[in-house]
Trainee: 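If you scroll down you'll find the structure; I have some questions about it.
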Protein chains: 4
Amino acid sequence: MTPRTPEKFAEMREKSRNLIIEKAMDVFAKHGYYKASINMISKAAGISKGLIYNYFKSKDELLQSVFVEGFKYFDEMMKIDQTEISAQEKLEILLNNFTQSLKDNLPFWKLYQNIISHPIISEKLTKFKEYYESVFGPLLMSIFIELFGNEMTEMEIQIEVMLFAAFLDGIAFDYVIMGEEYPLDAIKQKLLGKYFDR
Amino acid sequence: MTPRTPEKFAEMREKSRNLIIEKAMDVFAKHGYYKASINMISKAAGISKGLIYNYFKSKDELLQSVFVEGFKYFDEMMKIDQTEISAQEKLEILLNNFTQSLKDNLPFWKLYQNIISHPIISEKLTKFKEYYESVFGPLLMSIFIELFGNEMTEMEIQIEVMLFAAFLDGIAFDYVIMGEEYPLDAIKQKLLGKYFDR
Amino acid sequence: MTPRTPEKFAEMREKSRNLIIEKAMDVFAKHGYYKASINMISKAAGISKGLIYNYFKSKDELLQSVFVEGFKYFDEMMKIDQTEISAQEKLEILLNNFTQSLKDNLPFWKLYQNIISHPIISEKLTKFKEYYESVFGPLLMSIFIELFGNEMTEMEIQIEVMLFAAFLDGIAFDYVIMGEEYPLDAIKQKLLGKYFDR
Amino acid sequence: MTPRTPEKFAEMREKSRNLIIEKAMDVFAKHGYYKASINMISKAAGISKGLIYNYFKSKDELLQSVFVEGFKYFDEMMKIDQTEISAQEKLEILLNNFTQSLKDNLPFWKLYQNIISHPIISEKLTKFKEYYESVFGPLLMSIFIELFGNEMTEMEIQIEVMLFAAFLDGIAFDYVIMGEEYPLDAIKQKLLGKYFDR
DNA sequence: GATGAATGAGCTTTCATTCAT
DNA sequence: GATGAATGAAAGCTCATTCAT
């Protein structure tokens, strides 16, 4: 007859919230934001529709939260622990992390493609844009300055960064469309060949 | 009051059909497939809702038709008239055509991004996939065979083609997201620099 | 095979719109704004739910329209045609019209009670308030100036008007609650007795 | 750690119950019955949703209880202690009490307006009707018999009572709508002028 | 007694599609 | 061919109520 402790409640909330986000990511990835219904998500999570609104004010906010959860995939991608390594090695690690993440977290990357390219929804993902501009962009820039700082102006290096980013978006795009049959690793090696003699 | 000839008739139908497709492309591009309503499209085209169903069985079929119409942008891109030019020049022309098309036909490319990356809809776009596999892929392949035929196996060239395609998709992706501020031409030059000394 | 003419369409719209407003008034009156569902209204009107949204953007707007429609009951109440009659006669006519309207248009008056006294909804009924202040208030004022202009200041007459309005509102209030058993006419006579010897 | 006595227990229950009723009255008054949620009320009272159901079977029953609690405002209104005073003085005291109560207990009167005029809910308020008929009506009747018993039939006096009650409802109605700016006291004086020379 | 997570019925609203004219 | 009124399924969301602890 003792009531649940606040800790117990927090734990329950945490568990449900994570479950919802996880299943929402799958369903959003599979059907796209608009065709993914709250009903589908609740069924995928084995809970009632109403419960979702206990944790997220709206479908929109749920999407935001799913995306924020996805930030960690970007974080993992950028984890380049060893400080005493060359820029070339850093870029290789980054690429390896990226392709690994594509394989491991396909639902998230599907969602990323679908949402980012969506004309209206993407406006709502301000948090994501800020994150990209403040964290991911500068990291790439620092690596490319190390690589090309001697031979190029900063302006030119900016363009290098954008081309590299385009490549990342491009293989994500194609991998999402083609799935397992896409030769991710071979393409990655080919790309490195464009930057470094091997 | 001359009675319309069958030819006249067919011509009028064709004109109406094209008008609908054109306006539908704009509306789909602006709002995305799901948020674009038949009502919006009919208003943009200045006709009644019902008339659209006179030309297309369903919203889905209209989308298909809009997409098929968009093939012409691919066709234009691949128009490399002079036969007596080098593979390098062909690739340059292709890239020029590509970036020009991005600028000229932004609505189509928005739609392309949005739809292709859409997990379920894309299944319906079989016509597009067939087209890609039978027309665009082979063209790229022929150019790259000319470029690298001596030094690489066909397998490797396939990978080169896919890498190049990834760049194109990535550039389109980023251009659609960032719009006018994206330095399309500078990036194009950088990309060519990865293939040819300049 | 001739398409419907614009006039025909306008007529159809007019008919449906009026039907919806009429039935909405009944249903709102019977159940109150919140318990009255769009579903109930559509069933009362023998049409589909969706059709209501073809004519009114929202439930809110439907309520507004129902109310605007109800203005005519106020207009009828204030119809005092003969110009060459005394203020006393005018007041009598006004009261007669008022009680008659209560009897004839009970649904509207129920709705009026329910909505006006509702803390939040009433804010939306700005049109009604403006109407009252610009039309009904001044009319009462002119009658009471004629009645008491000699003996009272304008300030005092204002109070007389508000007292009279309170009687009207109270009578409507009680009539709506008690229904047919409420002795409307006897009370009307009693009220007149407070103003004129009889 | 003295064990709570049953009396202590009952007292605590009483206190909680009163707190809920008090806060519920505020919330109902502010948002109206339907828009006032159990959640709002529980937050206003600083307790959990579930606890409310420990004291009241349903939202409906809570409303009933809030209303019954409001009877005390009627009781206070009718408190005319001195027995040796004239009917005129009694009526004046009654009116003073009423206007004072309007000012002091605005939330209750808002709720009263909102609920009583609500077509379906009011059916549930049987307790209130019984109360009115057995307590408030007879009191007014006794005063008016004293006032007009010589000159009128009982039937007529009934009508006087109803007109007076309509006036009370009317100023409550208007006061609730207009708020502080409503000249309650001036109107009260005007009314008394209709009954007694002054 | 007390908590708040969880449920599910029911709400308003949207929109592809049909069809009488 | 052409119109737009009308339909109805399905969406997002709210909230009174229950119940395990």
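Every chain is numbered from 1, with letters handed out A, B, ... down the list of sequences.
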Trainee: Kindly write out the residues that satisfy ring-ring contact (aromatic ring centres under 6.0 Å, His included) with A/Tyr55, not counting sequence neighbours, or none if the list is empty.
Mentor: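 Counting only residues at least two positions away or on another chain, A/Tyr55 forms no ring-ring contact (aromatic ring centres under 6.0 Å, His included).
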
Trainee: Send over the distance from C/Tyr55 OH to F/dG4 P, rounded to a whole Å.
Mentor: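 It is 12 Å, rounded to the nearest whole Å.
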
Trainee: Report the residues that fulfil salt bridge (Lys or Arg N to Asp or Glu O under 4.0 Å) with A/Glu69, sequence neighbours left out, ordered by chain and then residue number.
Mentor: A/Lys72

Trainee: Please identify each residue that fulfils side chain to side chain donor-acceptor pair (under 3.5 Å) with B/Asp26, with sequence neighbours left out.
Mentor: none

Trainee: What parts of residues 10-21 of chain C reach DNA chain F, counting only heavy atoms under 4.0 Å away?
Mentor: C/Met12, C/Arg13, C/Ser16

Trainee: Just how far, in rounded Å, is P of F/dA16 from NE2 of D/His31?
Mentor: 12 Å

Trainee: Could you encode protein contacts along nucleotides 8-14 of chain E as a string, one character per nucleotide from 5' to 3', using B for base contact, S for sugar-phosphate-only contact and - for no contact, with a heavy-atom cut-off of under 4.0 Å?
Mentor: B-BSSBB

Trainee: Could you pull out all residues at least two apart from B/Lys57 that satisfy salt bridge (Lys or Arg N to Asp or Glu O under 4.0 Å)?
Mentor: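 Checked B/Lys57 against salt bridge (Lys or Arg N to Asp or Glu O under 4.0 Å); matches are B/Glu61.
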
Trainee: Ignoring backbone atoms, test whether D/Asn54 places a side-chain nitrogen or oxygen under 4.0 Å from the OP1 or OP2 oxygen of E/dA2.
Mentor: no

Trainee: Identify every side-chain donor-acceptor pair in residues 46-53 of chain A under 3.5 Å, counting partners at least two apart or on other chains, and give the distances.
Mentor:
residue	atom	partner	partner atom	Å
A/Ser48	OG	A/Leu51	N	3.4

Trainee: Rounded to whole angstroms, how far apart are CG on D/Leu63 and P on F/dA16?
Mentor: 12 Å

Trainee: Run the side-chain contact (heavy atoms from CB on, under 4.5 Å) test against A/Lys35 and tell me which residues pass, sequence neighbours left out.
Mentor: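 For A/Lys35 the side-chain contact (heavy atoms from CB on, under 4.5 Å) partners, ignoring immediate neighbours, are A/His31, B/Tyr34.
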
Trainee: Return the value, rounded to whole Å, for the distance between atom CZ of B/Phe28 and atom C1' of E/dA16.
Mentor: 11 Å

Trainee: What is the distance, rounded to the nearest whole Å, between atom CD1 of A/Ile47 and atom P of E/dG4?
Mentor: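 The distance from CD1 of A/Ile47 to P of E/dG4 comes to 20 Å, rounded to the nearest Å.
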
Trainee: Within this structure, what is the CZ-to-P distance between B/Phe56 and E/dT18, rounded to whole angstrom?
Mentor: 16 Å

Trainee: Short question: side chain of A/Lys59, backbone of A/Tyr33 - any donor-acceptor pair under 3.5 Å?
Mentor: yes

Trainee: For C/Phe9 and E/dA20, give me the distance from atom CZ to atom P, rounded to whole Å.
Mentor: 13 Å

Trainee: For A/Glu22, which residues count as a salt bridge (Lys or Arg N to Asp or Glu O under 4.0 Å) partner, sequence neighbours excluded?
Mentor: none

Trainee: Return the value, rounded to whole Å, for the distance between atom CG of D/Leu62 and atom C1' of F/dC15.
Mentor: 15 Å

Trainee: Evaluate the ring planes of B/Phe71 and B/Tyr131, with Trp represented by its six-membered ring, and classify them as parallel (under 30°), tilted (30 to 60°) or perpendicular (over 60°).
Mentor: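 Correct class here is parallel.
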
Trainee: Report the residues that fulfil side-chain contact (heavy atoms from CB on, under 4.5 Å) with A/Ala24, sequence neighbours left out, ordered by chain and then residue number.
Mentor: A/Phe28, A/Ile41, A/Leu62, A/Val66

Trainee: Using five base pairs at each end to define the local axes, how bent is the helix from E/dA2-F/dT21 to E/dT21-F/dA2, to the nearest 10°?
Mentor: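 Nearest ten degrees gives 10° for this helix.
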
Trainee: Under the ring-ring contact (aromatic ring centres under 6.0 Å, His included) rule, collect the residues that match up with B/Phe56, sequence neighbours excluded.
Mentor: none

